[in-house]
Novice: 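Dropping a structure here in structure tokens format, bear with me for questions.
Here is how names work: the chains are called A, B, and so on, in the same order as the sequence lines, proteins then strands, and each is numbered from 1. Atoms considered below: every heavy atom in the structure, side chains included; atoms not considered: hydrogens, waters and symmetry mates.
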Number of protein chains: 2
Amino acid sequence: MTGKNLDGPEADALDLGAVFRALADEHRRSVMTELAADHSDNERGCNSFDLPISKQTQTHHFRVLREAGLVDEFDYGNRKGIRLRRADIEKRFPGLLALLGAGPPGGTAPR
Amino acid sequence: MTGKNLDGPEADALDLGAVFRALADEHRRSVMTELAADHSDNERGCNSFDLPISKQTQTHHFRVLREAGLVDEFDYGNRKGIRLRRADIEKRFPGLLALLGAGPPGGTAPR
DNA sequence: ACCAAGGTACGAATGATTTCGTACCTCAGT
DNA sequence: ACTGAGGTACGAAATCATTCGTACCTTGGT
């Protein structure tokens with residue numbers, strides 16, 4: 001098989017608490033910010049995020065994102081990919097993804 | 001004096017991580033949801049939220065909300081009040097407060 | 001069949017959060 | 001001046017999160 005889907009919650013079942021908890025972590029938020037910024041919404045290799053943490057910890061974080069319903073995860077045994085669940089997120093929490101762009105307290109347009 | 005203001009971060013300094021961390025807790029989120037729902041934005045007694053936790057713990061939670069920049073806190077020695085920093089929040093993270101209404105996974109209009 | 005790269009499972013250590021007990025403070029009313 | 005309601009400070013217990021070490025699995029290539 002070319003890719004097995006690991007599933008998270010249904011679109012309507014996304015829980016705001018789980019979502020905020022997922023986005024509270026800096027590493028997970030950086031992943032989500034990158035995903036939200038790229039509007040092509042292509043599947044992306046889990047290795048392509050430059051996370052300064054061990055792979056075991058990365059496994060943990062990607063799992064949290066999936067269980068919060070923020071990404072779909074694809075397991076190729078060898079390699080893994082995730083894809084932003086943009087439509088589901090926008091449907092249930094419109095505007096949430098746009099917030100990720102407001103990132104650093106310096107703002108997008110300093111002064 | 002009739003009310004001393006305890007201060008949190010400036011409007012431009014609101015940190016997304018701190019905000020998400022603050023909103024990740026169920027009790028704090030319930031407070032914020034109530035505040036966001038009432039558009040009068042009046043100062044509100046800290047006692048008026050029916051939190052099922054001890055007062056020491058409430059002190060802790062209100063402090064977290066203030067330090068995240070989500071509310072202003074007013075100390076009357078005897079009694080305390082908080083007020084939603086709606087304008088500041090909307091300016092820095094537009095749409096965030098609206099998300100709090102999407103609360104329970106049942107949705108606002110179940111079938 | 002072997003190896004290397006990427007990933008997971010399990011468990012442990014560390015760190016942060018949540019919670020409350022005890023003690024104390026402040027104002028309003030009596 | 002006393003009391004009661006509401007709040008805080010400090011500290012401790014318990015719980016949850018983050019992180020990684022070790023061991024193992026899977027796929028692709030040699």
Side-chain angles (χ1 to χ4, degrees), chain A residues 1-8 15-34 42-83, chain B residues 1-8 15-34 42-83:
Chain A
M1 70 207 68
T2 34
K4 172 172 142 270
N5 193 337
L6 306 173
D7 43 339
D15 174 61
L16 194 51
V19 166
F20 280 145
R21 238 170 290 134
L23 295 175
D25 181 87
E26 209 181 342
H27 300 313
R28 292 193 293 261
R29 202 167 58 253
S30 83
V31 168
M32 288 298 295
T33 302
E34 280 196 46
N42 289 324
E43 185 184 325
R44 183 145 164 205
C46 281
N47 218 7
S48 70
F49 305 92
D50 262 334
L51 296 176
I53 48 182
S54 69
K55 46 185 191 166
Q56 306 96 298
T57 304
Q58 293 190 31
T59 295
H60 163 70
H61 285 308
F62 286 123
R63 176 204 289 261
V64 171
L65 288 178
R66 170 171 55 83
E67 288 180 347
L70 294 172
V71 302
D72 278 327
E73 227 176 344
F74 300 94
D75 184 358
Y76 303 102
N78 206 2
R79 181 172 40 104
K80 217 178 48 179
I82 62 176
R83 187 171 48 200
Chain B
M1 70 208 64
T2 35
K4 173 171 143 269
N5 193 336
L6 307 173
D7 42 339
D15 174 60
L16 193 52
V19 166
F20 281 146
R21 237 170 291 133
L23 294 175
D25 181 86
E26 207 182 342
H27 300 312
R28 291 192 294 259
R29 202 168 58 254
S30 83
V31 167
M32 287 299 294
T33 302
E34 281 196 45
N42 288 326
E43 185 184 326
R44 182 144 163 205
C46 282
N47 218 8
S48 69
F49 305 93
D50 263 334
L51 296 175
I53 50 182
S54 70
K55 46 186 191 167
Q56 305 96 299
T57 304
Q58 293 190 30
T59 294
H60 164 70
H61 284 309
F62 286 122
R63 176 205 290 261
V64 171
L65 287 178
R66 171 171 55 85
E67 288 181 347
L70 294 173
V71 302
D72 278 326
E73 228 176 344
F74 300 94
D75 184 357
Y76 303 102
N78 205 5
R79 180 172 38 106
K80 217 178 48 177
I82 61 176
R83 187 170 47 198

Novice: Are the charged groups of Arg44(B) and Glu34(B) less than 4.0 angstrom apart, N to O?
Specialist: yes
Novice: Provide, to the nearest angstrom, the distance between the CZ atom belonging to Phe20(B) and the C1' atom belonging to dA17(D).
Specialist: 18 Å
Novice: Just compare dC20(C), dT8(D), dT19(D) and give me whichever is closest to any side-chain atom of Glu73(B).
Specialist: dT8(D)
Novice: When you check the side-chain N and O atoms of Ser30(A) and Thr33(A), is any donor under 3.5 Å from an acceptor?
Specialist: no
Novice: dA17(D), dT19(C), dT18(D): which one has an atom nearest the side-chain heavy atoms of Arg21(A)?
Specialist: dA17(D)
Novice: Would you kindly give the CG-to-C1' distance between Asp75(A) and dG6(C), to the nearest whole Å?
Specialist: 10 Å
Novice: OP1 or OP2 of dC20(D) versus the side-chain N and O atoms of Lys55(A): is any pair under 4.0 Å?
Specialist: no
Novice: Can you check whether Val71(A)'s main-chain N or O pairs, donor with acceptor, with Arg66(A)'s side chain at less than 3.5 Å?
Specialist: no
Novice: Rounding to a whole Å, what distance do you find between Glu67(A):CD and dT18(D):P?
Specialist: 12 Å
Novice: How long is the span from the CG atom in Leu23(A) to the CE atom in Met32(A), to the nearest 0.5 Å?
Specialist: 5.5 Å
Novice: For the side chain of Thr57(A), starting at C-beta, report the closest nucleotide among dG6(C), dT18(D), dC20(D).
Specialist: dC20(D)
Novice: How close or far is atom P of dG7(D) from atom CD1 of Ile53(B), stated in whole angstroms?
Specialist: 12 Å
Novice: Where each residue is assigned the nucleotide of DNA chain D containing its nearest heavy atom, which of Thr59(B) and Pro52(A) is assigned the position nearer the 5′ end?
Specialist: Thr59(B)
Novice: Could you state the CZ-C1' distance from Arg63(B) to dT17(C), rounded to the nearest angstrom?
Specialist: 14 Å
Novice: Please determine if a side-chain N or O atom of His60(A) lies less than 4.0 Å away from the OP1 or OP2 oxygen of dG7(C).
Specialist: no
Novice: Output the rounded distance in Å from CG (Asn47(A)) to P (dT27(D)).
Specialist: 18 Å
Novice: Please pick, from dG7(D), dT19(C), dT19(D), the nucleotide with the shortest atom-to-atom distance to any side-chain atom of Lys80(B).
Specialist: dG7(D)
Novice: Kindly check if the number of other-residue, nucleotide or ligand heavy atoms within 6.0 Å of CZ (Arg29(B)) is above 12?
Specialist: yes
Novice: Between Gln56(A) and Asn78(A), name the one whose nearest nucleotide on DNA chain C is closer to the 5' end.
Specialist: Asn78(A)
Novice: Using the side-chain heavy atoms of His61(B), tell me which of these nucleotides is nearest: dA9(D), dT19(C), dT8(C).
Specialist: dT19(C)
Novice: dA17(D) phosphate, OP1 or OP2: any side-chain N/O from Arg28(A) under 4.0 angstrom?
Specialist: no
Novice: Whole angstroms only, please: what is the CG-P distance between Asp25(A) and dA16(C)?
Specialist: 13 Å
Novice: Whole Å only: how far is the CG atom of Leu51(B) from the C1' atom of dG7(D)?
Specialist: 14 Å
Novice: For Arg79(B) and Ser54(B), find the nucleotide of DNA chain C closest to each by heavy atoms; which residue's nucleotide sits nearer the 5' end?
Specialist: Ser54(B)
